[in-house]
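Reading through the structure tokens given below for one structure.
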Amino acid sequence: MDQSKAPLLDALVDYRTRNRYGFTPPGHRQGRGVDPRVLDVLGPQAFADDLLANGGLDDRRSGNRYLQRAEELMADAVGADTAWFTTCGSSLSVKAAMMAVAGGEGDLLVPRDAHKSIVAGLIFSGVQPRWVTPRWDAERHFSHPPSPDDFRAAWDDHPDAAGALVVCPSPYGTCTDLAALADICHDRGKPLIVDEAWGAHLPFHEDLPTWAMDAGADVCVVSVHKMGAGFEQLSGVRF
């Protein structure tokens, strides 16, 4: 695919060129209804560019496929089969991944260093966590994600779990051997979810740790707003 293409940016340019005016949200009407004091701080362009993807940039049926084509470009760029853009950071994305794998009644192997969004997902979904302990680094005073052997032992204790979830990189920036972990899961016919919120940069340089899709993960959740170039709370899910 031609990675120089930017479907959403092209659609925005077209919107401006045609001087279009929609009758859908947002209610500020491309800045026309914004308090002047706010405009003095943020400027008018932020509001002029604040448009719905469907019923705004595109028609209500997404007939021009702007968002879909952008997601296809992202999937191609990182070697995934499918990519979806989401908002609410990775908190929404990781909940969706947990529900897709474990449903409302299944078990899931989960590390104790899980982000609070994962804990929230466990609470409202009914998914039962089977905890895996991270590795504490006494010399450096931070933790590493659980090792493949830690997950292997957890699988032996909980063979009926629907899948495994690992946070990699950890909030400290430490990683585990994802390829080995993926093999352990797949040997049991179970999927691996990687909460790679802090790893949006990993696919793009060979000297960085292996990113989840290259390691064989089944679902990878990335916060493009953390270590990538996305606006705040932009996330993505890759399969």
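Only a predicted model underlies this, so the values are computations on that prediction, with no experimental measurement involved.
- One finds the CG atom of D113 at 5.5 Å from the OG atom of S143 (value rounded to the nearest 0.5 Å).
- Every residue two or more places apart in sequence or in another chain that forms a side-chain contact (heavy atoms from CB on, under 4.5 Å) with A215 is listed here: L178, A179, T210.
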task: Decide side-chain contact (heavy atoms from CB on, under 4.5 Å) for V167 and W198; before the verdict, give the C-alpha distance in whole Å, the side-chain angles of both, and the deciding distance to 0.1 Å.
output: CA-CA 9 Å; V167 180; W198 288 98; over 6 Å; no

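- Not a single donor-acceptor pair under 3.5 Å links the side chain of R69 to the backbone N or O of L8.
- Heavy atoms only, all atoms of each residue included: T176 and S147 are closest at OG1-CA, 3.7 Å.
- At least one side-chain heavy atom of P25 sits under 4.5 Å from a side-chain heavy atom of L52.
- K190 approaches A162 most closely through the heavy-atom pair CD-O, 3.7 Å.
- The pair R188-D156 counts as a salt bridge, with a side-chain nitrogen and a carboxylate oxygen less than 4.0 angstrom apart.
- In this structure, CG in D195 is found 10.0 Å from CE in M98, a value given to the nearest 0.5 Å.
- With E196 contributing its side chain and A212 its backbone, the two residues share a donor-acceptor pair below 3.5 Å.
- The ring-ring contact (aromatic ring centres under 6.0 Å, His included) check on F142 picks up H144, Y172, with sequence neighbours excluded.
- In terms of heavy-atom proximity, W155 sits nearest to A161 at CZ3-O, 3.5 Å.
- Distance check: L92 CG to S117 OG gives 9.5 Å after rounding to the nearest 0.5 Å.
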Derivation of the side-chain hydrogen bond (donor to acceptor under 3.5 Å, both in side chains) call for S4 and D2: CA-CA 5 Å; S4 68; D2 185 355; 2.5 Å; yes

task: Start with the C-alpha gap between T86 and S93, add the side-chain angles, then the distance that decides, and say whether side-chain hydrogen bond (donor to acceptor under 3.5 Å, both in side chains) holds.
output: CA-CA 7 Å; T86 68; S93 305; 2.6 Å; yes

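- Pairs engaging residues 119-134 under the salt bridge (Lys or Arg N to Asp or Glu O under 4.0 Å) rule: D107-R130 [sequence neighbours left out].
- Every residue meeting the side-chain contact (heavy atoms from CB on, under 4.5 Å) condition with H201, not counting sequence neighbours, appears here in chain and number order: L208, M227.
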query: What do the steps show when you test T133 against D150 for side-chain contact (heavy atoms from CB on, under 4.5 Å), and what is the final call?
result: CA-CA 8 Å; T133 303; D150 295 327; over 6 Å; no

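- With a 4.5 Å cut-off on side-chain heavy atoms, P134 and P145 do not count as touching.
- A donor-acceptor contact shorter than 3.5 Å is absent between the side chain of S90 and the backbone of V221.
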- request: Could you walk me through whether Q3 and D76 pass side-chain hydrogen bond (donor to acceptor under 3.5 Å, both in side chains), step by step?
  value: CA-CA 9 Å; Q3 288 294 333; D76 177 73; 2.9 Å; yes

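- Here the side chains of L192 and V194 are in contact, with some heavy-atom distance below 4.5 Å.
- Legend: salt bridge (Lys or Arg N to Asp or Glu O under 4.0 Å) pairs involving residues 29-47, not counting sequence neighbours, sorted by first then second residue: D35-R37.
- Hydrophobic clustering (side-chain heavy atoms under 4.5 Å, transitive across Ile, Leu, Val, Met, Phe, Trp, Tyr) groups V127 together with V94.
- A donor-acceptor pair is defined here as one N or O able to donate and one able to accept, closer than 3.5 Å; no such pair exists between the side chain of N54 and the backbone of S62.
- In this structure, D218 and H186 have side chains that are in contact, with non-hydrogen atoms separated by less than 4.5 Å.
- Closest of all the heavy-atom pairs between E72 and R65 is OE2-NH2, 3.1 Å.
- Side chains of L181 and V166 form a contact here, defined as non-hydrogen atoms less than 4.5 Å apart.
- Counting heavy atoms from C-beta on, the side chains of P7 and L73 come closer than 4.5 Å.
- From F47, atom CZ reaches atom CD of Q30 across 11.5 Å, with rounding to the nearest 0.5 Å.
- Here L39 contributes atom CG and Q45 contributes atom CD; the two are 11.5 Å apart, rounded to the nearest 0.5 Å.
- Looking at T174, its side chain never comes within 3.5 Å of a backbone N or O of S170 through a donor-acceptor pair.
- Note that OH of Y66 and CG of D59 are 8.5 Å apart. Values are rounded to the nearest 0.5 Å.
- For the pair T17/Y15, no side-chain contact is recorded, criterion being any heavy-atom separation below 4.5 Å from C-beta on.
- Pairs of residues two or more places apart, or lying in two chains, that qualify as salt bridge (Lys or Arg N to Asp or Glu O under 4.0 Å) and include a residue from residues 4-27 are D14-R18, R16-D49.
- The side-chain heavy atoms of L165 and P111, taken from C-beta on, include a pair separated by under 4.5 Å.
- Residues L122 and P129 approach most closely at CD1-CB, 3.7 Å, considering heavy atoms.
- When every heavy atom of H115 is checked against every heavy atom of S91, the shortest pair comes out as CE1-OG, 4.0 Å.
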